[in-house]
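Each remark here refers to the structure printed beneath this line.
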Amino acid sequence: MSKGFATTDARLPAYVRLRDTLTARIAAGDWTPDWPIPSEARLAREFDVSVGTVRKAVDGLVGEGLLERRQGSGTYLRAPSFNATLFRFFPMRGGGGEPLSIPQSKMILRSVTEGPAEAAEALGTEDVIKIVRLRSLSDQPVLFEEIYIPRARFAGFETLPDTAFGPLLYPTYFEHFGVLVKRATDEVSFGRASDVVAQQLHIKTDDPLAVICRTAFDVEDRPVEWRIASGSAEGFLYRSEIN
């Protein structure tokens, strides 16, 4: 039996109502990236719609990046990892010219606090958890990050054991709190290194910085993270390909 559409406006096409319903179930944590979602035939029976309607709804979610099809295996929840994309602005290379690989993360601080004005405005609350991290490539410090997440969505984050964290935060958001990041916006500006940032990045105070401000959103387009990442402007590179 169908659990009913999350969107009940009958004026909307069935595939739109089904797409919104599947999105709501993703947001509720009904599925994980490790297991396929129900087949199109099963969803058609559950919601009493045609397989074509299900396929159109699923196609929409694949196009939005929420789901991905795996040949011969099924359709899965896609858990995007935006964290590593910050490193596209700092394309460091090894002595032989090869790109440096997986970023390492050192957790410096996790605490409940009152967020600064910019974070409070982006997240809609001052009641936040502050995270401070140092990101490195092949043991070379690249990014110093101050991250703020709403305490209401991530209650207990500050008490998680260190073993809960890998090099990327977004998997932890999903696995422990059911928060799936769908998209993020980055704004790049330039500034000067404070004493704290300079010490962490092994540069001099007042050295030029590239500063990336990021706001991340969940599948319902609610802001779930605001961060400011600072790196030496000497290693900064912006490249855009226009077709």
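For the pair L12 and R17, the tightest heavy-atom approach, listed with the atom from each and the gap, is O-NE, 3.3 Å. Of all the heavy atoms in S105 and G166, the pair that sits closest is CB-O, 4.4 Å. Listed here is the closest heavy atom pair of L169 and M107: CD2-CE, 4.3 Å. Nearest heavy-atom pair across F144 and L201 is N-CD2, 3.9 Å. Minimum interatomic distance between P161 and R110 (heavy atoms only, all atoms of both residues): C-NH2, 4.4 Å. In this structure, F177 and A155 approach most closely via the heavy-atom pair CE2-O, 3.3 Å.
Heavy-atom contacts from other residues, nucleotides or ligands closer than 6.0 Å to CD of Q199 number 12 or fewer. Surrounding CZ of R69 are more than 12 heavy atoms belonging to other residues, nucleotides or ligands, all under 6.0 Å away.
Residues P36 and W31 form no side-chain contact, since every pair of their non-hydrogen atoms from C-beta on lies 4.5 Å or further apart. For the pair T185/E187, no side-chain contact is recorded, criterion being any heavy-atom separation below 4.5 Å from C-beta on. Between C213 and R227, every side-chain heavy-atom pair lies at or beyond the 4.5 Å cut-off. Put simply, the side chain of I26 reaches to within 4.5 Å of the side chain of L67, judged on heavy atoms. Counting heavy atoms from C-beta outward, Y173 and I149 have side chains that approach closer than 4.5 Å. Using a 4.5 Å heavy-atom threshold, the side chains of H176 and L160 count as touching. Here the side chains of R214 and I147 are not in contact, with every heavy-atom distance at 4.5 Å or above.
Using modelled atom types, one finds no donor on one side chain facing an acceptor on the other under 3.5 Å when comparing E118 with Y148.
Both V196 and I108 sit in one connected hydrophobic cluster of ILVMFWY residues. Membership requires side-chain heavy atoms under 4.5 Å apart, directly or through other members. Under a hydrophobic-cluster definition in which Ile, Leu, Val, Met, Phe, Trp and Tyr are linked whenever side-chain heavy atoms come within less than 4.5 Å, directly or via other members, F217 and F174 are assigned to different clusters.
Between F190 and F236, the two ring planes are perpendicular [angle over 60°; tilted spans 30° to 60°].
Checked against a 6.0 Å centroid threshold, the rings of F157 and F165 count as neighbours.
Classification of R153 and E220 as a salt-bridged pair fails, no side-chain N sitting under 4.0 Å from a carboxylate O. Using a cutoff of 4.0 Å between basic side-chain nitrogens and carboxylate oxygens, K204 and E234 are not scored as salt-bridged. For the pair D59 and R19, the salt-bridge criterion is not met [side-chain N within less than 4.0 Å of a carboxylate O].
Distance alone, capped at 3.5 Å, places no donor-acceptor pair between the R151 side chain and the V112 backbone. At least one donor-acceptor pair under 3.5 Å links the side chain of T172 to the backbone N or O of A164.
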(request) Evaluate the side-chain contact (heavy atoms from CB on, under 4.5 Å) criterion for residues D221 and R183: first the C-alpha distance (whole Å), next the side-chain angles of each, then the deciding distance (0.1 Å), finally the verdict. (result) CA-CA 8 Å; D221 223 33; R183 69 180 184 91; 2.7 Å; yes
